[in-house]
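Per chain, numbering begins at 1; letters A, B, ... match sequence-line order. Hydrogens, waters and symmetry mates are skipped; everything else that's a heavy atom, side chains included, is used.
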Protein chains: 2
Amino acid sequence: MPANKKPKTKSAAKKAEPANIETFLDTIVTGDCIAAMKKLPNASVDLVFADPPYNLQLGGDLTRPDNSRVDGVDDDWDKFENFKAYDSFTRAWLAEARRVLKPDGAIWVIGSYHNIFRVGAAVQDLGFWILNDVIWRKSNPMPNFRGTRLTNAHETLIWAAKSEKSKYTFNYRALKTGNDDLQMRSDWEFPICTGAERIKGEDGAKTHPTQKPESLLYRILIASTKPGDVVLDPFFGSGTTGAAAKFLGRHYIGCERDKAYIAAAKKRIARVKPLPEEELQTQPSPRAAPRVPFGQVIETKLIKPGAKLYSRNKNTCAKVRADGSLYVKDGDVEIQGSIHKVGAAVQNAQACNGWTYWHYEEKTGLKPIDFLRDKIRKQMAG
Amino acid sequence: MPANKKPKTKSAAKKAEPANIETFLDTIVTGDCIAAMKKLPNASVDLVFADPPYNLQLGGDLTRPDNSRVDGVDDDWDKFENFKAYDSFTRAWLAEARRVLKPDGAIWVIGSYHNIFRVGAAVQDLGFWILNDVIWRKSNPMPNFRGTRLTNAHETLIWAAKSEKSKYTFNYRALKTGNDDLQMRSDWEFPICTGAERIKGEDGAKTHPTQKPESLLYRILIASTKPGDVVLDPFFGSGTTGAAAKFLGRHYIGCERDKAYIAAAKKRIARVKPLPEEELQTQPSPRAAPRVPFGQVIETKLIKPGAKLYSRNKNTCAKVRADGSLYVKDGDVEIQGSIHKVGAAVQNAQACNGWTYWHYEEKTGLKPIDFLRDKIRKQMAG
DNA sequence: CAAAAGAGTGAATCCACGA
DNA sequence: GTCGTGGATTCACTCTTTT
């Protein structure tokens with residue numbers, strides 16, 4: 001693809017145009033996440049997934065009842081003087097992430113009670129629009145060894161669109177289908193990342209202290225991206241986002257400053273074999289199907305003008321007119337209009353889906369006129 | 001009780017001594033929660049439970065797919081100009097709540113993604129020390145009718161001590177015992193408040209739009225208070241906190257400005273019959289509870305030989321023998337053995353906890369025989 | 001009377017597109 | 001921007017009515 005010489009927006013014209021986003025696809029940008037994100041052009045990524053430092057305040061070492069030491073999070077990058085420093089760091093990277101997002105883009109941030117409230121408030125203050133908070137219920141959490149609190153058995157994710165107006169991606173039907181035809185809820189259960197999935201060094205020690213399970217990222221990407229979308233992870237770490245994105249036919253961009261993490265992530269992602277394209281087809285949404293006006297049903301002669309349509313209980317009867325409008329005479333009152341308007345009127349309802357409300361007579365009984373629309377769609381497709 | 005003329009602390013001595021806390025026990029203070037809390041003396045309550053406005057910012061009407069209208073929260077008390085206004089309100093009431101708390105006191109706040117991040121950040125900024133965030137998983141949440149987001153199936157609670165140094169109350173053993181000897185996790189499942197528990201006016205309409213289930217408050221009070229403790233609820237509403245506190249032998253203080261809510265709460269709490277004192281003893285020591293063989297239940301004459309025990313659905317019936325064994329005749333097959341062995345056999349299961357599987361008949365219905373074991377343990381302890 | 005069917009409802013930031 | 005219209009969209013549970 002040729003470089004785009006002409007700035008796309010006025011604001012972009014003010015500065016030197018940053019490198020094209022294509023340059024960064026499926027790569028890890030080395031360096032501090034804010035500096036790294038500054039290299040990316042405005043409005044160029046579809047989704048951000050961020051697993052920022054948790055700002056844990058563990059007082060001293062934590063030991064198990066058998067006196068073995070728990071390998072907690074004590075790396076330098078996870079120390080912050082105080083909430084103020086953490087807040088300004090949080091707002092800085094969130095602002096960069098928002099700049100880089102397309103207008104209809106969205107962000108996911110994961111955290112625990114140590115940091116998620118500060119992150120969530122910053123998300124709202126910066127103009128993101130929260131869509132859901134999602135609970136990752138850990139099926140195998142670490143117990144509270146001292147019995148001083150509840151077992152910390154979950155983490156919190158925030159899902160937010162770039163703005164209130166964003167037409168964010170949500171594959172509602174795909175999630176529902178994958179959930180035994182029940183709406184996906186805001187609480188998700190997954191095991192923590194252990195076993196073969198957990199990346200370890202040659203010494204057997206875990207490479208990254210907070211590696212997330214790929215299953216979590218799969219669901220996030222299936223829920224809120226389309227194949228070919230660009231997913232940015234400002235805290236790339238061990239590269240779970242990259243691995244899941246590559247597997248699912250999405251592009252990733254990672255930011256990471258730790259060279260050991262980068263090396264481990266590259267190695268990991270190289271081993272991932274992407275799903276074949278046909279496997280990526282998710283359950284289509286009825287909203288995505290081509291619009292078929294009711295008039296077309298008549299033009300196609302699937303129903304003739306003058307034919308009668310009924311409500312399911314056959315209490316109401318309407319006559320079809322040549323232009324695709326319906327006509328009902330109920331006592332003195334005559335109603336005419338679209339299948340939807342007349343359906344709503346005879347029910348005294350605000351709205352009505354005429355395709356499912358009205359039925360035509362067949363040998364086997366009443367059938368919704370939606371069957372006829374289906375027929376036309378299939379003819380169009382085949 | 002005579003008035004206490006001598007100030008208890010130096011700081012209290014500086015100002016006019018506010019009315020003694022005893023005056024307020026088990027009452028509802030009328031008025032705005034901040035003004036009402038100002039009447040209470042410093043460091044006088046053990047626990048605060050707060051269910052503040054969520055600042056929902058709902059749009060227009062929402063209808064179900066069957067065109068019925070959802071009765072959303074449109075009350076004035078949930079309306080705020082912007083985040084800034086909500087934040088300053090939040091910090092004001094949290095500061096008062098903190099002043100009123102004893103040094104070892106704690107607070108619970110419940111909210112949704114609309115407000116909980118702002119509340120949580122304020123909690124931290126004011127010097128509270130977060131102990132856990134707890135997820136209330138709703139077993140029967142309202143679905144997302146438009147298929148635009150995930151089903152909002154949970155709410156978030158923050159549990160925080162007054163300060164990092166607070167020696168807060170946590171009845172670890174009681175929770176674990178009540179949770180089949182597993183540590184209580186940070187995600188709790190309860191149904192929403194419906195049916196007979198839901199308070200309704202004479203017109204059948206719900207008295208309060210956001211009444212919380214008593215089961216949620218029971219667990220909170222069992223987890224983090226002792227009998228006789230003082231529990232303050234600055235947003236008393238329909239009085240769930242008061243009802244649970246009275247039932248569990250705790251004192252409540254409510255703040256509420258809506259007279260209709262106050263009247264409903266008073267009526268509700270008046271009907272509550274407190275548990276007898278001996279039932280309030282929670283699992284005291286870190287030692288495992290003493291073993292009670294089933295035979296002892298018979299020896300104690302809590303159940304007589306020849307009595308019948310049933311599975312919860314009453315599909316299975318067993319006869320109690322004098323030695324504490326059970327006997328079941330199922331067609332030609334006769335089974336006998338311990339409550340556990342017979343329970344497993346009739347279910348075709350590897351193992352079974354007979355204490356919870358078998359039930360005896362009481363006036364009010366079937367009850368697990370575990371109730372009887374509890375009784376014996378309490379007799380042994382007391 | 002029991003069982004089945006129907007109606008009602010809950011802290012909800014709940015539509016997309018073209019004229 | 002607004003406005004109008006097409007047409008997509010629900011789970012668990014309680015209580016009432018009908019069979």
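Residues from residues 85-92 of chain B placing a heavy atom under 4.0 Å of any atom in DNA chain C do not occur.
Between D:dG7 and C:dT13, the two P atoms lie 27 Å apart (nearest whole Å). The C1' atoms of C:dT9 and D:dT10 are separated by 12 Å, rounded to the nearest whole Å. For the C1' atoms, the distance linking D:dT19 with C:dC1 amounts to 12 Å, nearest Å. If you take atom P in D:dA8 and the same atom in C:dA12, they sit 26 Å apart, rounded to whole Å.
Proximity of B:N152 to the phosphate of C:dT13: a side-chain N or O atom is located under 4.0 Å from OP1 or OP2. For A:S338 and D:dG6, the shortest distance from a side-chain N or O to OP1 or OP2 is below 4.0 Å. Considering only side-chain N and O atoms, B:R146 lies nowhere under 4.0 angstrom from the phosphate OP1 or OP2 of D:dA8. Listed pair A:H340 / D:dG7 meets the phosphate criterion, a side-chain N or O lying under 4.0 Å from OP1 or OP2. OP1 or OP2 of C:dG10 has not a single side-chain nitrogen or oxygen of B:R198 nearer than 4.0 Å. The phosphate of C:dT9 has neither OP1 nor OP2 within less than 4.0 Å of any side-chain N or O from B:R69. The shortest distance between the side-chain N/O atoms of B:K206 and the OP1/OP2 oxygens of C:dG10 is below 4.0 Å. Dashed line: the shortest gap from a side-chain N or O of A:N353 to OP1 or OP2 of D:dA8 is under 4.0 Å. Here A:R373 reaches the OP1 or OP2 of D:dA8: one of its side-chain N or O atoms lies under 4.0 Å away.
Ring geometry for A:W355 against A:F294 counts as perpendicular: the plane angle is over 60°, on a 0 to 90° scale with 30° as the lower cut.
Across all strands, B:P213 comes closer than 4.0 Å to no nucleic acid atom at all (heavy-atom distances). If you check every strand for non-hydrogen atoms under 4.0 Å, A:L182 touches sugar and phosphate atoms only. At a threshold of 4.0 angstrom between heavy atoms, the contacts of A:D181 are confined to the sugar-phosphate backbone, with no base atom among them. Across all strands, A:G337 comes closer than 4.0 Å to no nucleic acid atom at all (heavy-atom distances). Within the nucleic acid shown, B:W77 comes within 4.0 Å of at least one base atom, counting heavy atoms only. Within 4.0 Å (heavy atoms only), B:R149 reaches at least one base atom of the nucleic acid. Among the protein residues, B:S112 comes within range of no part of the nucleic acid, since none of its heavy atoms lies under 4.0 Å from any strand.
Judged by distance alone with a 3.5 Å cut-off, no donor-acceptor contact links the side chain of B:K138 to the base of C:dA11. Contact of A:R287 with D:dG6 (side chain to base): no donor-acceptor pair of N or O atoms is detected under 3.5 Å.
With its ring centre under 5.5 Å from that of the base six-membered ring and a plane angle below 30°, A:W129 counts as stacked on C:dT13.
DNA chain D is contacted by both B:F145 and B:S139; B:F145 maps to the nucleotide lying nearer its 5′ end (nearest heavy atom per residue).
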(message) Once pairs are restricted to Watson-Crick or G-U wobble with both distances under 3.5 Å, how does DNA chain D read as a dot-bracket string, [ ] for crossings and | for other-strand pairs?
(response) .|||||....|||||||||
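For the pair A:L175 CG and D:dT10 P, the interatomic distance rounds to 13 Å; values are reported in whole Å. A straight line from NZ of A:K176 to C1' of D:dT9 spans 8 Å, rounded to a whole angstrom.
Applying the salt bridge (Lys or Arg N to Asp or Glu O under 4.0 Å) rule to A:D46 yields the partners A:K102; only residues at least two apart in sequence or on another chain are considered.
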(request) Could you please spell out the steps behind the side chain to side chain contact (heavy atoms under 4.5 Å, CB included) verdict for A:F49 and A:V109? (result) CA-CA 6 Å; A:F49 174 85; A:V109 193; over 6 Å; no
